[in-house]
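Notes for the one structure printed next.
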Amino acid sequence: MNNGSPTILDLPPGPRQPRYAQALQWVVRPQQFLVRQRERFGDVFTVQVIDDHPLVVLGDPEDIRTIFTGSAEAMHAGEANTLLEPVLGSRSILLLDEAEHLRQRRLLLGPFHGERMLRYDAIMAEAAERELATWPEGETIEILPRMQAITLEVIMRAVFGIEAGLELERLRVLLRRMLHETTNIRQMALSLMLGPESERMRGRLREVLDPVDDELYRVIAEHRDAPDLEQREDILSMLLLARDEDGEPMTDEELRDELMTLLLAGHETTASSLSWAFEQLTHQPQTLERLTEELRGGGAEPYAEAVIQETMRLRPVLPIVVRLLKEPITVGQGRFRLPAGTRVAPAILLVHLRDDIYPDPYEFRPERFIETPPGTYTWIPFGGGMRRCVGSAFAQFEMRAVMRAVLTNFDLEAAAGPERISRRSLTLVPGRGGRVRVVRSVKAARSEAAVDGALAL
Ligand code: HEM
């Protein structure tokens, strides 16, 4: 036993390479690494990729069901996420388990309920239009930073409830600096080398976090005192009004930690998914054309929904989720008994590439989701069970709003061949940032046509 965890010898077989060699492949080529191990070992195998704890990877939907339907006492996710604590804070929903987790989750779920998302439509469309106004016609752009600018603005306005203006600009600068420091892969490597608890790393982190924290506490105080709090529609206002089962409101520390969590869980993930959507679409002109036609038509958008589902299937931005077992379980159709203390990883990426569920799994084919809706344990880009992503409706709603804004304003085209999967800190992104050519502005083309029409008269 090692720190109370089972050793690699107690667990299902896996690659024998040294830990650093596995970690390197996991960072550089996550999909190839996982797929290769499945070819060798089947749907259950053990790797060593993150720290000194072995990780049992699960690629069979039946085993994933076992994890997602397991009790909160039997599977801890918070305890498996402690690396995030210096940034998120100890009250973050991502770091809590059992009753404490359930309390925060209940408080958060209300404001993120699917039907409420409609009220963010205008903010999302405005944030997209503001970014689109800077797109250079006829040139090639990297779509990822453009999407990050949009998703950051949306979180600041819809979640933090900050109106456009000076305050928003100041927070934007502070958040960008903090996000750069905390999600930059070089910083992560440095933190792994020096240890997140080293004096130097802590100093660097405080330098970028302190001004953000000051600002967040100021925003919380300002909202708390606002006479129109009950009429406000942002998520922070709703969290301030929310009460737990004992009638207690959230404390300022809890609110700060959840705002930081929503920012980090919701900003880069949504931007990365959007980048993949455009990367995939521009390499498949017929699909792009069908989607564009639907979005420009202004009616129902079933194809857009299928495009989002297919993007998230083929290019999930988080390849795995992790749970720490507090009780033993059996996986692999009865072949393996995993002891308490094991870290298990339902592999989103492997389930989504199964050819028994998704014929031609490497093909981008949104039609498959029009024929068959996504399954609870077979389409899992947002994880599942009691820890399923709180922001899944928000993210999909935002993706649709941004795709609509982009494709009703511009015609896009691929600027290069398909991009490989690359890692940007936590999420998987297009290797070259999603390079697309902005062929033509639809609005400009329309007004030219109108002038031509007028001249012809
Ligand atoms: C495309 C975008 C997104 C993806 C792919 C994504 C994916 C995920 C995944 C895989 C989990 C872990 C689930 C598990 O352990 O089973 C998660 C959790 C979470 N996500 Fe998202 N997410 C996205 C967007 C968002 C947004 C926009 C927000 C909020 C603004 C958000 C807030 C959260 C929170 C609070 C949790 C923790 C839930 C809990 O522990 O109970 N996410 N997300």
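Whatever order the structure lists ligands and atoms in, that order sets their numbers, starting from 1. What you are looking at is a predicted structure, and each value in this text was computed from that prediction instead of being measured.
With a heavy-atom cut-off of 4.0 Å, T270 touches ligand 1 through backbone and side chain alike. When heavy-atom distances to ligand 1 are checked against a 4.0 Å cut-off, R105 comes that close only through its side chain, counted from C-beta outward.
Formation of a donor-acceptor pair under 3.5 Å by the R343 side chain with backbone atoms of H53 is not found in this model.
The pair R65-E62 meets the salt-bridge criterion, since a charged nitrogen lies less than 4.0 angstrom from a carboxylate oxygen. Between R435 and E279 no salt bridge is recorded (no basic side-chain N to carboxylate O distance below 4.0 Å). Remark: R91 does not engage E258 in a salt bridge, criterion side-chain N to carboxylate O under 4.0 Å. A salt bridge links E215 with R218; the closest basic N to acidic carboxylate O contact falls under 4.0 Å. Between D213 and R256 there is a salt bridge, since a side-chain N of the basic residue sits under 4.0 Å from a carboxylate O of the acidic one.
The aromatic rings of W379 and H352 lie parallel to each other, with less than 30° between the two planes, well short of the 60° mark.
Checked by distance only, ligand 1 and R388 stay at 3.5 Å or farther apart across all their nitrogen or oxygen atoms. Polar contact check, R387 against ligand 1: a nitrogen or oxygen pair lies under 3.5 Å apart.
With hydrogens left out, the protein atom closest to atom 23 (C) of ligand 1 is T269 OG1, 3.5 Å, a heavy atom. F382 O, 4.0 Å is the protein heavy atom nearest to atom 11 (C) of ligand 1.
For ligand 1 and F112, the ligand atoms under 4.0 Å from any heavy atom of the residue are 29 (C), 30 (C). Listed by number with element, the atoms of ligand 1 under 4.0 angstrom from any heavy atom of G266 are 25 (C), 26 (C), 27 (C), 28 (C). Within ligand 1, counting atoms from 1 as listed, the ones closer than 4.0 Å to a heavy atom of G384 are 16 (O). Against a heavy-atom cut-off of under 4.0 Å, V317 is close to the following atoms of ligand 1: 5 (C). Close approach to S273 involves these atoms of ligand 1, each under 4.0 Å from a residue heavy atom: 1 (C). Listed by number with element, the atoms of ligand 1 under 4.0 angstrom from any heavy atom of F394 are 27 (C). For ligand 1, the atoms lying closer than 4.0 Å to a non-hydrogen atom of L318 are 7 (C), 8 (C), 9 (C), 10 (C). Set against the non-hydrogen atoms of L94, the atoms of ligand 1 under 4.0 Å away are 37 (C).
Ligand 1 lies out of reach of V159, whose nearest heavy atom is not under 4.0 Å from it. Residue contacts with ligand 1: M312 is included, with a non-hydrogen atom under 4.0 Å away. The shortest separation from a heavy atom of E398 to ligand 1 is not under 4.0 Å, leaving the residue out of contact. Heavy atoms of R323 approach ligand 1 to within less than 4.0 angstrom.
Of the candidates P381, C389, A77, S392, the one placing a heavy atom closest to atom 10 (C) of ligand 1 is P381.
For T66 and D63, the side-chain atoms include no donor-acceptor pair closer than 3.5 Å. Side chains of T330 and R337: a donor-acceptor N/O pair is present below 3.5 angstrom, by distance only. In the model, T311 has no side-chain atom that pairs as donor or acceptor with a side-chain atom of Q280 under 3.5 Å.
For the pairing with F410, the side chain to side chain contact (heavy atoms under 4.5 Å, CB included) check across V438, T292, V436 returns one residue only, V438.
For E367, the CD atom counts as densely surrounded, since its 6.0 Å shell holds more than 12 non-hydrogen atoms of other residues, nucleotides or ligands.
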